[in-house]
Amino acid sequence: MKNPVRVAVTGAAGQISYSLLFRIASGDMLGKDQPVILQLLEITPAMDALRGVVMELEDCAFPLLAGVVISDKPEEAFAQADYALLVGARPRGPGMERKDLLEANAAIFSVQGKALNAVASRQVKVLVVGNPANTNALIAQRNAPDLDPRNFTAMTRLDHNRALAQLAGKTGAATTDIRQMIIWGNHSATQYPDISQATVKGDAAAALVPRDWYETDFIPTVQQRGAAIIKARGASSAASAAGSAIDHIRDWALGTPDGDWVSMAVPSDGSYGIEKGLIYSFPVTCKNGDYTIVQGLDIDTFSRERMTVTERELQEERDGVAHLLP
Ligand SMILES: NC(=O)c1ccc[n+]([C@@H]2O[C@H](COP(=O)([O-])OP(=O)(O)OC[C@H]3O[C@@H](n4cnc5c(N)ncnc54)[C@H](O)[C@@H]3O)[C@@H](O)[C@H]2O)c1
Ligand SMILES: O=C(O)C[C@H](O)C(=O)O
């Protein structure tokens with residue numbers, strides 16, 4: 001049996017965590033041979049609710065669950081953490097844009113970045129789910145100067161999976177028939193879901209669907225899917241967000257399949273002309289616990305315009321939280 005790894009999760013009594021924690025503990029994220037210790041962070045008023053979640057975790061008798069720690073102090077929850085899933089933040093309600101959350105949530109990620117810097121494993125892999133996820137990841141990263149800045153990522157896998165589902169529905173294919181989908185940029189309504197490289201059963205996706213559907217239906221549907229779920233459910237996506245967080249960490253830790261890639265928001269290294277340092281979603285392959293931005297893709301004018309719009313939004317968000325970026 002492998003040694004247990006430490007997985008810290010914030011917002012552990014919230015909606016997303018109510019799905020996420022049970023899937024981590026069952027081995028869906030790190031493999032069926034990898035024991036885990038869950039280190040759960042909540043705000044003080046939610047600690048009773050969190051105790052109830054822990055009772056349910058115990059009652060599942062998961063063979064891989066090697067321990068559970070709960071705390072309302074980031075320095076305790078992040079101690080020696082190998083993975084940190086930063087979920088805890090206020091979700092948006094009906095009619096709100098993600099940028100409305102910037103002020104409300106940014107301070108949380110400054111505090112948590114400092115705590116990770118102080119006590120987490122030096123190799124900790126960080127996934128930010130709490131919105132606005134890309135800019136929150138930037139805030140956490142910049143407040144953790146002793147950790148590898150490349151290990152701070154944000155979640156656009158949900159958008160990637162949404163794009164797979166929409167294209168599969170339109171073409172009558174299975175999501176597993178589709179390769180090389182891309183989400184560029186911000187996890188927001190400016191994101192650019194790009195099918196120009198995608199294939200369905202080996203055929204170019206762009207040739208299988210009408211251009212008009214792609215531009216006026218597919219792109220806005222994927223961009224607005226979070227809002228559509230909030231309108232329908234009265235609460236933001238939870239089980240699907242948890243599923244995508246599992247997918248993001250699993251592929252980062254265990255690797256992407258040959259011949260395919262996934263979308264992750266990672267610190268830009270200047271690839272495709274995107275400003276260095278922004279946490280921007282790119283197509284990436286993963287191997288040996290590391291990711292590599294896919295290089296050499298052709299970018300046409302249509303794509304470039306959309307990649308720039310979402311880059312500008314990230315620059316504006318970053319400038320809006322300059323006081324939290326040491
Ligand atoms: N990136 C994505 O694709 C994606 C998808 C869905 C939701 N989200 C975002 O994820 C976040 C969580 O969503 P949810 O539905 O679970 O919300 P929720 O309100 O059900 O749960 C959030 C939890 O975080 C806790 N929390 C707040 N501040 C905290 C802090 N400083 N430290 C620790 N915990 C704290 C709250 O007490 C609450 O229990 C929201 O910001 C939401 O917008 C992101
Ligand atoms: O859209 C939201 O605010 C929630 C989440 O980010 C989503 O995409 O479902």
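Keep in mind that what you see is a predicted model, and the values were worked out from it rather than measured. Note that ligands are numbered from 1 as they come in the structure, with each ligand's atoms numbered from 1 the same way.
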Peer 1: Which ligand 2 atoms, with their elements, are less than 4.0 angstrom from a heavy-atom of Ser237?
Peer 2: 7 (C), 9 (O)

Peer 1: How about His187 and Ser263: do any of their side-chain heavy atoms sit closer than 4.5 Å?
Peer 2: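 With C-beta onward as the side chain, the pair stays apart.
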
Peer 1: Quick test of your reading of the model: are Lys125 and Asp82 salt-bridged, counting only N-O distances below 4.0 Å?
Peer 2: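 So Lys125 does not pair with Asp82 through a salt bridge.
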
Peer 1: If you look only at pairs with a residue in residues 270-280, which of them pass as a salt bridge (Lys or Arg N to Asp or Glu O under 4.0 Å), with sequence neighbours excluded?
Peer 2: Glu275-Arg318

Peer 1: Between Arg92 and ligand 2, does any nitrogen or oxygen pair lie at a separation below 3.5 Å?
Peer 2: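 Yes: some nitrogen or oxygen of Arg92 is under 3.5 Å from one in ligand 2.
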
Peer 1: Knowing that exactly one of Gln223, Glu313, Glu317 qualifies, which makes a side chain to side chain donor-acceptor pair (under 3.5 Å) with Ser188?
Peer 2: Glu313

Peer 1: Please determine whether a side-chain nitrogen of the Lys or Arg among Asp251 and Arg157 lies less than 4.0 Å from a carboxylate oxygen of the Asp or Glu.
Peer 2: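 Yes, Asp251 and Arg157 are salt-bridged.
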
Peer 1: At a 4.0 Å threshold, what atoms of ligand 2 neighbour a non-hydrogen atom of Arg162?
Peer 2: 7 (C), 8 (O), 9 (O)

Peer 1: Check for a donor-acceptor pair, side chain of Asn288 on one end and backbone N or O of Asp290 on the other, with a separation under 3.5 Å.
Peer 2: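 No: the side chain of Asn288 does not pair with the backbone of Asp290.
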
Peer 1: List the steps, then state whether side chain to side chain donor-acceptor pair (under 3.5 Å) holds for Asn136 with Asn105.
Peer 2: CA-CA 8 Å; Asn136 289 338; Asn105 288 335; over 6 Å; no

Peer 1: For ligand 1, would you mind listing the residues that have at least one heavy atom less than 4.0 Å away, ordered by chain and number?
Peer 2: Gly11, Ala13, Gly14, Gln15, Ile16, Leu41, Glu42, Ile43, Val87, Gly88, Ala89, Arg90, Pro91, Ile108, Gln112, Val129, Gly130, Asn131, Met155, Leu158, His187, Ser236, Ser237, Ala241

Peer 1: Could you go through the side chain to side chain donor-acceptor pair (under 3.5 Å) check for Asp217 and Thr221 one step at a time?
Peer 2: CA-CA 6 Å; Asp217 191 331; Thr221 297; 3.1 Å; yes

Peer 1: Taking NZ, NE, NH1 and NH2 as the nitrogens, is one of them in Glu316 or Arg312 under 4.0 Å from a carboxylate oxygen of the other?
Peer 2: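 Salt bridge between Glu316 and Arg312, a charged N being under 4.0 Å from a carboxylate O: no.
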
Peer 1: Heavy-atom distances under 4.0 Å decide this one: backbone, side chain, both or neither, for Asn131 against ligand 2?
Peer 2: side chain

Peer 1: Should Ile37 and Val7 be marked as a side chain to side chain contact (heavy atoms under 4.5 Å, CB included) after you check the CA-CA gap, both sets of side-chain angles, and the distance that decides it?
Peer 2: CA-CA 6 Å; Ile37 298 171; Val7 181; over 6 Å; no

Peer 1: Would you mind running through ligand 2 and noting each atom that sits below 4.0 Å from a heavy atom of Gly226?
Peer 2: 1 (O), 7 (C), 8 (O), 9 (O)

Peer 1: Heavy atom under 4.0 Å from ligand 2: found in His187's side chain, backbone, both, or neither?
Peer 2: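 Near ligand 2, His187 shows its side chain, while the N, CA, C and O stay back.
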
Peer 1: Is there a heavy atom in Ile230 that sits closer than 4.0 Å to ligand 2?
Peer 2: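 Ile230 counts as a contact of ligand 2 under the 4.0 Å cut-off.
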
Peer 1: Can you sort out which atoms of ligand 2 are near Ser236, meaning under 4.0 Å from one of its heavy atoms?
Peer 2: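 Checking each atom against Ser236, I get 4 (C).
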
Peer 1: Does even one non-hydrogen atom of Arg233 get within less than 4.0 Å of ligand 2?
Peer 2: no

